[in-house]
Enquirer: 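My questions will all concern the structure given below.
To find a chain, count down the sequence lines: A is the first, B the second, and so on, and within it residues start at 1.
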Number of protein chains: 2
Amino acid sequence: MSTAKTFGDSRRPYHHGDLRRAILTAALDVIAADGPSGLSLRDLARRAGVSHAAPAHHFKDRTGLLTVIAAEGFGLLAGAIGEAADLKDAGVRYVRFAREHPAHFQVMFAPELLREGDLELATARALATDALRHAVSAVPPEGRGADARLAGVAAWSLAHGFATLLLGHNLDGAVGERDPEEVFRVLASMLFRVAAD
Amino acid sequence: MSTAKTFGDSRRPYHHGDLRRAILTAALDVIAADGPSGLSLRDLARRAGVSHAAPAHHFKDRTGLLTVIAAEGFGLLAGAIGEAADLKDAGVRYVRFAREHPAHFQVMFAPELLREGDLELATARALATDALRHAVSAVPPEGRGADARLAGVAAWSLAHGFATLLLGHNLDGAVGERDPEEVFRVLASMLFRVAAD
DNA sequence: TTCCATAACTTGACACTGACAAGATTGCAC
DNA sequence: GTGCAATCTTGTCAGTGTCAAGTTATGGAA
């Protein structure tokens, strides 16, 4: 009933309660700070106050943990892009997602760290690409040149490159004090002049 | 005189001869195949047929090895972009560089794996950014909107995003059988209509 | 309420890794 | 030739991922 499962002593309960989420959030912190290479399951276990083998029960592997994070990321991204008004807005939301969820973003595009066959990952990724495809289809044909598919590739490349360079601090000088989203709006306008501002 | 320094026996010589380069190329192979996370100094030592601590003498660290690779990459990239005729060509060369040197490319933009204070890295990176800046300045003002700096950011973002997504096999479906460089040319044309083909 | 199947977690072990220290071997300048 | 510095080896340590086997709690059926 009370918070302490065991008698009123100082020992922590045998069951953590929400270890899975605790490890996930700790992992996101570590990745955002030091990248996926700085991640250690044993370190996450220590942060959560559990034994070194506890994480394996929830995620099987280091790869399993990262795969869950990637799938979660694609789900979040799909939700964000799904609400976009037009393609430029989708790009802005893509950049916003990368800035708000840098750990997810990094892991999502590090295929060598993921269990590529994972079902949840595949479905979440499909959701995100569908959302992108839908945003592309909303652009009037005269605004996107001959090939609609290439317009999508262009938009994705621009947003992805901008987000990646931003997270890697490669644009600190160029962006300066300006809001990165506003800067990206300018770039997007260069790409699709029809759907301007 | 002969290739075998020691008597005609089967034992390898104490000195490798070109261990530094041997380890570098082995590292590039591993990274291209499995990413930087798949890199192990001991594995590289085994491939080169030397003891496990030999690599440390040439690169100090795992970080040191990766920093050398990144610096080499920026040097190669600067050389490639420096020969570009215009900004679109610079973008094409950027994409070509990423495809021809995927290991370099990955490491160059993984700052958490690098010794950021390293001098050779800083100078090589400065060379590359200068080459990019120069390519941007060659675009006529009416072709690049108000801010020249933003035109550079747009071009860099587009090329970087396209290259990154390409290496991650995120564009396999969209590019199909076409030559990626030709596809990128189309994307670049969308960005800068003035400097069209 | 009792009981038990199962989920959640621990303990222990093994092979592997990066890093450091100290010693052995070799080439090269003088 | 001789000495010195660069190159490479051997040995060791702490840290990591992963597996196997045991311990503890939980939830539902009887």
Enquirer: In whole angstrom, give the distance that lies between atom NE2 of A:H57 and atom P of D:dT26.
Expert: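 After rounding, the gap between these two atoms is 15 Å.
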
Enquirer: For the helix from C:dT1-D:dA30 to C:dC30-D:dG1, how many degrees between its two end axes (five pairs per end), to the nearest 10°?
Expert: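 Between the first-five-pair axis and the last-five-pair axis there is 0°.
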
Enquirer: Checking B:A80 now: which residues fulfil side-chain contact (heavy atoms from CB on, under 4.5 Å) with it, not counting sequence neighbours?
Expert: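 Per chain and number, B:A80 pairs via side-chain contact (heavy atoms from CB on, under 4.5 Å) with no residue.
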
Enquirer: Roughly how far, to the nearest 0.5 Å, is CD1 of B:I69 from CG of B:L39?
Expert: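 It is 6.5 Å, given to the nearest 0.5 Å.
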
Enquirer: Write down the distance between CG (B:L19) and C1' (C:dT25), rounded to a whole number of angstrom.
Expert: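 Taking CG of B:L19 and C1' of C:dT25, I get 15 Å after rounding.
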
Enquirer: Find the distance B:I23:CD1 to D:dT7:C1' and express it as a whole number of Å.
Expert: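 After rounding, the reported distance stands at 12 Å.
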
Enquirer: Can you pull out every side chain to side chain donor-acceptor pair (under 3.5 Å) where at least one residue sits in residues 123-132 of chain A? Sequence neighbours excluded, please.
Expert: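 Sorted pair list: A:E116-A:R125, A:D130-A:R133.
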
Enquirer: Below 3.5 Å between N/O atoms, which protein atoms pair up with nucleotides 14-16 of chain D? Just atom names and distances, please.
Expert:
{"from": "D:dT16", "atom 1": "OP1", "to": "A:R46", "atom 2": "NH2", "distance (Å)": "3.4"}
{"from": "D:dT16", "atom 1": "OP2", "to": "A:R46", "atom 2": "NH1", "distance (Å)": "3.4"}
{"from": "D:dT16", "atom 1": "OP2", "to": "A:R46", "atom 2": "NH2", "distance (Å)": "3.1"}

Enquirer: Is the B:H101-B:F97 ring centre distance short of 6.0 angstrom?
Expert: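 That pair passes the under 6.0 Å test.
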
Enquirer: Could you pull out every donor-acceptor pair under 3.5 Å between side chains of residues 160-169 of chain A and any protein atom, sequence neighbours left out?
Expert:
{"from": "A:H160", "atom 1": "ND1", "to": "A:Y94", "atom 2": "OH", "distance (Å)": "2.8"}
{"from": "A:T164", "atom 1": "OG1", "to": "A:H160", "atom 2": "O", "distance (Å)": "2.7"}

Enquirer: Among C:dT10, C:dA21, D:dC8, find the nucleotide with the atom closest to the side chain of A:A54.
Expert: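 Ranking C:dT10, C:dA21, D:dC8 by closest atom to the A:A54 side chain puts C:dT10 first.
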
Enquirer: Could you give the distance from OG (A:S40) to CZ (A:R62), rounded to the nearest 0.5 Å?
Expert: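 Atom-to-atom, A:S40:OG and A:R62:CZ are 8.0 Å apart.
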
Enquirer: What is the distance, rounded to the nearest whole Å, between atom CG of B:D34 and atom P of C:dT17?
Expert: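 Rounded to the whole Å, the gap is 13 Å.
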
Enquirer: Going from CD on A:Q106 to OG on A:S37, what distance comes out if it is rounded to the nearest 0.5 angstrom?
Expert: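 The OG atom of A:S37 is 9.0 Å from CD of A:Q106, to the nearest 0.5 Å.
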
Enquirer: Kindly write out the residues that satisfy salt bridge (charged side-chain N to carboxylate O under 4.0 Å, His left out) with B:D34, not counting sequence neighbours, or none if the list is empty.
Expert: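 So B:D34 forms no salt bridge (charged side-chain N to carboxylate O under 4.0 Å, His left out) with any residue.
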
Enquirer: With a 4.0 Å limit, can you tell me whether A:H58 has a side-chain N or O closer than that to the phosphate oxygens OP1/OP2 of C:dC9?
Expert: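 For C:dC9, OP1 or OP2 has a side-chain N or O of A:H58 closer than 4.0 Å.
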
Enquirer: Rounded to whole Å, please give me the gap between CG in B:L44 and P in C:dG18.
Expert: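 Interatomic distance, CG of B:L44 to P of C:dG18: 8 Å.
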
Enquirer: Taking atom C1' of C:dT11 as reference, at what distance in whole Å does atom NE2 of A:H52 sit?
Expert: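 These atoms are roughly 7 Å apart.
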
Enquirer: Write down the distance between CZ (B:F59) and P (C:dG18), rounded to a whole number of angstrom.
Expert: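 Answer to the nearest Å: 14 Å.
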
Enquirer: Rounded to the nearest 0.5 Å, what's the gap from OG1 on B:T67 to CG on B:L114? Could you check?
Expert: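 One gets 5.0 Å once the value is rounded to the nearest 0.5 Å.
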
Enquirer: Over how many whole Å does the gap from A:K60 atom NZ to D:dA20 atom C1' extend?
Expert: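 It is 12 Å, rounded to the nearest whole Å.
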
